[in-house]
Amino acid sequence: MPIQYYIYLCLVLFSIGIIGVLTRRNAIIVFMCVELMLNAVNLLLVAFSKMHHAAALTLNPAATTGIEGQLFVFFIMVVAAAEVSVGLAIIVMLYRNTHSVDINFLNRLKN
Amino acid sequence: MSTTEILFYFLSALAVFSAIMVLVSKSPVHSVLWLIVVFFTISGHYVLLNAQFLAIVNLIVYAGAIMVLFLFVIMLMNLNTQTEPQKHIWMKLAGVISGGCFLMVLISLVRQAGDMQGKTALMKTGNIGLIGNLGKALFQDYVVPFEITSVLFLSAMVGAVVIGKK
């Protein structure tokens, strides 16, 4: 499959995530759109890893070129899991203080 | 058109449709369920690319753990009874336009990139995504970052408990 198709698909998913962050006011949905953007990047990293692997296989059939991309995706998933646990704790605290998850309440941080 | 291409187009269309449904759903619970569909389609893409370890980890970590956490939080807050305050329609329009401009700029960039012409991603073959090869690379060359992630998890766990306790 040409690599451009994967790039277009990931760009569309990433842009949908950006539009979600910009247009929604529910903090949980904003957070879910961030997860969507992370997943688009993960898919693109795996596609690029397979692209480099295909190029290296023609030179050396036993090459493991491109395995770093998939390990990077693994580490991104680990960081995303840690990020979600802390982020949801912050959202729960926000809800406990304001009885709402509207992100416009967070603009008190600027004072 | 081969089976792989049909599966690729089907999974891509389903992923984009579910991602849009995440945005336009009124209830947060429906958004979470549509996001799980997106994660399943991305796992399908990983299987098509023969990255089987990542496909399973994506299902277990994202669709299994993270989304259950989201569902717990939403149901604990009882959010689906109250209506979400909406942004002003002009703000929404500005968000959609800026996201669309971002998409257009990047697509035109990719169309002109000479490095990407004629390159293909290897489908269904290639064994770098199997758990044996990934495990060898992870525990030989990348063992220090792997151990550091355990410290990161510990600090995230302590942080979540400290934030959530008071």
Side-chain angles (χ1 to χ4, degrees), chain A residues 1-9 11-13 15-20 22-26 28-29 32-33 35-36 39 42-43 46-47 49-51 53-55 57 64 66-68 70-71 73-75 77-86 88-93 95 101-102 104, chain B residues 4-5 8 12 15-16 19-20 22-23 28 31-32 35 38-39 42 45-46 49 51 54 57 61 65-66 69-70 73-74 77 79 84-87 92 95-96 98-99 102-103 106-107 110 116 119-123 126 128-129 133-134 137-138 142 145 149 152-153 156-157 159-160 163-164:
Chain A
M1 194 65 71
I3 191 71
Q4 277 98 347
Y5 292 2
Y6 277 105
I7 299 177
Y8 294 148
L9 170 65
L11 282 180
V12 170
L13 286 179
S15 304
I16 291 172
I18 286 181
I19 292 172
L22 291 178
T23 54
R24 294 301 293 259
R25 277 178 66 177
N26 190 333
I28 293 181
I29 295 190
M32 276 159 40
C33 289
E35 295 299 313
L36 187 63
N39 264 278
N42 281 352
L43 180 58
V46 174
S49 131
K50 296 298 282 192
M51 185 188 89
H53 189 58
L57 271 187
T64 58
I67 206 167
E68 295 88 0
Q70 305 207 2
L71 282 175
V73 172
F74 178 70
F75 285 119
M77 284 178 183
V78 168
V79 173
E83 171 229 335
V84 163
S85 65
V86 176
L88 281 178
I90 291 175
I91 290 178
V92 167
M93 198 187 65
Y95 181 74
V101 287
D102 191 352
N104 279 15
Chain B
T4 312
E5 288 180 353
F8 174 83
S12 305
V16 172
I20 292 174
V22 171
L23 285 196
S31 287
V32 170
L35 197 61
V38 177
F39 290 156
I42 287 178
H45 276 295
Y46 289 159
L49 285 164
L54 287 180
V57 167
V61 173
I66 292 180
L69 209 58
F70 270 104
V73 169
I74 289 173
M77 292 177 182
L79 278 184
E84 176 192 349
Q86 295 290 320
K87 270 192 181 167
K92 281 189 174 180
V96 172
S98 40
F102 175 80
L103 181 66
L106 282 183
I107 279 183
V110 170
M116 299 298 153
K119 295 279 183 65
T120 57
L122 202 58
M123 311 285 282
I128 56 168
N133 297 321
L134 270 178
L138 186 62
Y142 293 91
T149 53
L152 174 74
F153 260 129
M157 201 167 71
I163 292 173

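Chain naming here is simple, since letters A, B, ... match the order of the sequence lines and numbering starts at 1 in each.
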Rounded distance (nearest 0.5 Å) linking atom [atom1] of [X] with atom [atom2] of [Y]:
| X | Y | atom1 | atom2 | answer |
| --- | --- | --- | --- | --- |
| A:Met32 | B:Ile74 | CE | CD1 | 6.0 Å |
| B:Leu138 | A:Gln70 | CG | CD | 12.0 Å |
| A:Leu43 | B:Leu49 | CG | CG | 7.0 Å |
| B:Leu23 | A:Leu36 | CG | CG | 8.0 Å |
| B:Leu35 | A:Glu35 | CG | CD | 7.5 Å |
| B:Phe70 | A:Ile28 | CZ | CD1 | 7.5 Å |

Tell me, for [X] versus chain B, whether the close heavy atoms (under 4.5 Å) come from the side chain, the backbone, both or neither.
| X | answer |
| --- | --- |
| A:Phe75 | side chain |
| A:Ile16 | both |
| A:Met1 | both |
| A:Leu11 | both |
| A:Leu9 | side chain |
| A:Ile67 | both |

Smallest separation among heavy atoms of [X] and [Y], with atom names:
| X | Y | result |
| --- | --- | --- |
| B:Ser98 | A:Leu22 | OG-CD1, 3.4 Å |
| A:Ala82 | B:Phe153 | N-CE2, 4.1 Å |
| B:Ala51 | A:Val46 | CB-CG1, 4.0 Å |
| A:Thr23 | B:Gly95 | CG2-CA, 4.2 Å |
| A:Leu13 | B:Ala19 | CD2-CB, 3.8 Å |
| B:Ser31 | A:Ile29 | OG-CD1, 3.8 Å |

Completion exercise
One option among B:Val38, B:Val22, B:Ile107 has the most heavy-atom pairs under 4.5 Å with chain A, and it is B:Ile107
Fill in the blank from the handout: Residue from B:Gly159, B:Ala65, B:Ala156 scoring the most non-hydrogen pairs under 4.5 Å with chain A is B:Ala156
Out of [options], return the one with the most heavy atom pairs under 4.5 angstrom to chain B.
| options | value |
| --- | --- |
| A:Met77, A:Met93, A:Glu83 | A:Met77 |
| A:Val12, A:Asn39, A:Ile91 | A:Asn39 |
| A:Ile3, A:Val92, A:Leu57, A:Ile7 | A:Ile3 |

Handout entry: A:Phe74 and B:Leu134, any side-chain heavy atoms less than 4.5 Å apart
Key =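 No - every pair of side-chain heavy atoms lies 4.5 Å or more apart.
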Problem - Min side-chain heavy-atom separation B:Leu54-A:Asn42 under 4.5 Å - result: no
Exercise for the section: Ignoring hydrogens and angles, tell me if any N or O in the side chain of B:Tyr142 forms a donor-acceptor pair with the backbone of A:Leu71 under 3.5 Å. Expected result: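 Between the backbone of A:Leu71 and the side chain of B:Tyr142 there is no qualifying donor-acceptor contact (under 3.5 Å).
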